[in-house]
Amino acid sequence: MAKDSNQANNLDKWLDAYALRAETLSVSEVRALFAVVSRPEVVSLAGGMPYVSALPKDLLAKSFNEMMAKRGDLALQYGSGQGDPVLRDQIRDLMALEGISSSIEDIVVTTGSQHGLDLLSGLFLDQGDVVLAEAPSYVGALGIFQHYEAHVEHVYTDDDGISPEALVESIAHLRAAGRTIKFLYLVPNFGNPSGVTLSAERRTQVIEICRREHILVVEDNPYGLLYFDQKPPDALRSQSEDGVIYLGSFSKIFAPGFRVGYVLAPPAIRDKLVLANESAILSPSSFSQMLISEYLANSDWQAQIDTFRGVYRERRDAALEAMAEYLPALKTTKPAGGFYLWVNLPDGVDSKSMLPLAVKELVAYTPGTAFFGNGSGHQNLRISFCYPTPDNIKLGIKRLSHVINLQTELIETFGKKGGTK
């Protein structure tokens, strides 16, 4: 359907030339905060940025020099659309820590795991298809699904992860309505934004349900190795080789600037992924892959991951201590790993409309509405404890408490918007 050329304006003279799908593109509520949170006086509890300062820079420099000496010409050249075979073999060792046994032939390297999710969505999603997802779910995934004009059906999720009973009910309801379900999308370990981990019992149940209902599972696992005390259950992919596509990334356990992720998929899907990868970018960055490969080969990378665990554990503890001190009445998740707390606000307090007031108090967070495809989440917010220092985390939550307490007092005095006390 052609667009009315009168819609064009001086801001964009090509407005009438865009594809219809371009209308689905929008700035995420997380990205929209970047300009604000970059101000040094603002304590940002918004973005999930890894604390890369914990990486030893001398080791990175050594890895760079070794890589350039050994494979410099290859690193500066185009590479395979599937990814460097040396790195893919090392990725096998990484995934083995999650209980996954795999062949390097079934691994496809991508430009971050977000790129892998985009490639999969392009392969599977037609307009109107359904993606099942946790409630809440990762904002970056929701943006991709929206761009491919899919419908996200959120499934009830509690402190043990997505509910198998609710999953069965959602599948039955959607199929009775004639909807096409393409896959279930999960972040099972220390989820973004909830911090919740899917229990071992439920993992088995979810796999059985999806196998019975012939529904593919897309398992997105960027945080699985960043546990604080107890290792999470093995990956869902360890229980099903043909029914689970596994997404991994070096962004959280190494550094996001290299933009290297990977997908482990059944052979037929893998073949299509390689073709889609080549069509989109020709090949992932040889330079980034080979530098990471050198780092993995010649450093104690598991000890470095353990260092990250200590850094994030200290920050998680600071966040929970501050919540207990300044906002003791609020319910929050208590993650055993990862980057995030998920907070329930008092009745009537709206996280999205409250955000400008928080920024005025020099603290930023992410409204809960960013993590739902259906517009809900107003009574929730996400706190990212990964990047600020423990002292700044406590300062930020103290500032946030002033805003929340004031909003609560106004509601108690004047009643909810549109109502009476």
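Computed from a predicted structure; not experimentally measured.
- With contacts defined as side-chain heavy-atom distances shorter than 4.5 Å, the pair P266/I245 qualifies.
- Taking a 6.0 Å sphere around CD of E149, one finds it holds more than 12 heavy atoms contributed by other residues, nucleotides or ligands.
- If you check the side chains of S286 and Q77, you find no donor sitting under 3.5 Å from an acceptor.
- In plain terms, the two heavy atoms of R88 and I104 that are nearest each other are NH1-O, 2.7 Å.
- Residue E208 holds its CD atom at 8.0 Å from CD of Q239, rounded to the nearest 0.5 Å.
- Residues P328 and Y326 approach most closely at CD-C, 3.3 Å, considering heavy atoms.
- In this structure, L406 and L357 have side chains that are not in contact, with every pair of non-hydrogen atoms separated by 4.5 Å or more.
- Side-chain atoms of N277 come within 3.5 Å of backbone atoms of G81 as a donor-acceptor pair (strictly under, hydrogens ignored).
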Exercise for the section: Could you check E153 against R179 for salt bridge (charged side-chain N to carboxylate O under 4.0 Å, His left out), going step by step and ending with a plain yes or no? Expected result: CA-CA 11 Å; E153 183 75 12; R179 305 298 297 272; over 6 Å; no
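- Without hydrogens or angle criteria, S293 side chain to M290 main chain gives no donor-acceptor distance under 3.5 Å.
- The side chain to side chain contact (heavy atoms under 4.5 Å, CB included) test applied to Y148 returns D118, S121, L125, I144, not counting sequence neighbours.
- Side-chain contact of D391 with T389: a donor-acceptor pair under 3.5 Å is absent, judged by distance alone.
- Looking at heavy atoms from C-beta onward, L327 lies in side-chain contact with N405 at the 4.5 angstrom threshold.
- Figure legend: R382 and Y365 shown without cation-pi pairing, the cationic atom not lying both under 6.0 angstrom from the six-membered ring centre and within 45 degrees of its axis.
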Exercise for the section: Would you check, one step at a time, whether the test side chain to side chain contact (heavy atoms under 4.5 Å, CB included) holds for L225 with K252? Expected result: CA-CA 9 Å; L225 294 179; K252 306 302 189 294; over 6 Å; no
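- Residues L184 and I162 meet the side-chain proximity criterion, which asks for heavy atoms closer than 4.5 Å.
- In this structure, R316 fails the cation-pi test against F228, since its NZ or CZ atom is not both closer than 6.0 Å to the six-membered ring centre and inside 45 degrees of the ring normal.
- Listed for the D106 side chain is no donor-acceptor partner under 3.5 Å among the backbone atoms of S103.
- Contact detail for S102 and R92: the closest heavy-atom pair is O-NE, 2.7 Å.
- One finds the CZ atom of F385 at 10.0 Å from the CD1 atom of I397 (value rounded to the nearest 0.5 Å).
- When all heavy atoms of A46 and T366 are compared, the pair lying nearest together is O-OG1, 3.1 Å.
- A donor-acceptor pair is defined here as one N or O able to donate and one able to accept, closer than 3.5 Å; no such pair exists between the side chain of Q205 and the backbone of P164.
- S199 and E201 form no side-chain donor-acceptor contact under 3.5 Å, judged by distance and modelled atom types alone.
- Counting non-hydrogen atoms of neighbouring residues, nucleotides and ligands closer than 6.0 angstrom, the NZ atom of K231 exceeds 12 such neighbours.
- The closest donor-acceptor contact from the side chain of S44 to the backbone of V42 lies at 3.5 Å or more, if one exists at all.
- The OH atom of Y295 sits 15.0 Å away from atom CE of M67, with the distance rounded to the nearest 0.5 Å.
- Exactly one residue among V196, L198, N221 makes a side chain to side chain contact (heavy atoms under 4.5 Å, CB included) with N189. That residue is N221.
- In this structure, R399 contributes its side chain and A358 its backbone to no donor-acceptor pair below 3.5 Å.
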Practice task
I would like to know whether H154 and S137 meet side chain to side chain contact (heavy atoms under 4.5 Å, CB included); could you show each step before the answer?
Solution key: CA-CA 8 Å; H154 290 288; S137 193; 4.0 Å; yes
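- Between the side chain of Q304 and the main chain of A54, a donor-acceptor pair closer than 3.5 Å is present.
- In this pair, W342 and F372 present their aromatic rings tilted. The plane angle is within the 30 to 60° band.
- Separating the OH atom in Y185 from the CG atom in D220 is a distance of 3.5 Å, to the nearest 0.5 Å.
- The closest side-chain heavy-atom distance from R203 to P188 is below 4.5 Å.
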Exercise for the section: Please report the C-alpha distance between M323 and I383 in whole Å, then the side-chain angles of each, then the deciding distance to 0.1 Å, and finally whether the side chain to side chain contact (heavy atoms under 4.5 Å, CB included) criterion is met. Expected result: CA-CA 11 Å; M323 290 296 296; I383 287 176; 4.0 Å; yes
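- Separation of atoms CZ (R313) and OH (Y227) is listed at 10.0 Å; rounding is to 0.5 Å.
- A donor and an acceptor atom, one from each side chain of S251 and R259, are located under 3.5 Å apart.
- Between L45 and P388 there is a side-chain heavy-atom pair separated by less than 4.5 Å.
- Shortest non-hydrogen contact noted between I269 and A265 is CG2-CB, 3.9 Å.
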Handout entry: Derivation and outcome, salt bridge (charged side-chain N to carboxylate O under 4.0 Å, His left out), residues E325 and K394
Key = CA-CA 9 Å; E325 180 176 357; K394 292 178 180 179; over 6 Å; no
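- When every heavy atom of V131 is checked against every heavy atom of A150, the shortest pair comes out as CG2-CB, 4.3 Å.
- Proximity of T180 to D126: side-chain heavy atoms (C-beta onward) are nowhere separated by under 4.5 Å.
- Partner F339 forms a ring-ring contact (aromatic ring centres under 6.0 Å, His included) with one of Y312, F308, Y51 and no other, that one being Y312.
- The main-chain N or O of F190 is never found under 3.5 Å from a side-chain atom of Y340 such that the two would form a donor-acceptor pair.
- Judged by distance alone, with hydrogens and angles left aside, the side-chain atoms of S170 form a donor-acceptor pair with the main-chain N or O of A166 at under 3.5 Å.
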Exercise for the section: Let me see the working for E294 and K70 under side chain to side chain contact (heavy atoms under 4.5 Å, CB included), right down to the final yes or no. Expected result: CA-CA 10 Å; E294 185 68 33; K70 296 175 184 176; 3.2 Å; yes
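- Among pairs with a residue in residues 90-115, none fulfils ring pair (Phe, Tyr, Trp, His ring centres under 6.0 Å), at least two apart in sequence or across chains.
- Side chain of Q289 to backbone of D84: a donor-acceptor contact under 3.5 angstrom is found.
- For the atom pair CH2 (W301) and CG (L59), the distance works out to 13.5 Å, reported to the nearest 0.5 Å.
- Using a 4.5 Å cut-off on side-chain heavy atoms (C-beta onward), P256 and V52 make contact.
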Exercise for the section: Apply side-chain hydrogen bond (donor to acceptor under 3.5 Å, both in side chains) to the pair S163 and E165, showing each step before the final yes or no. Expected result: CA-CA 5 Å; S163 164; E165 293 79 13; 3.3 Å; yes
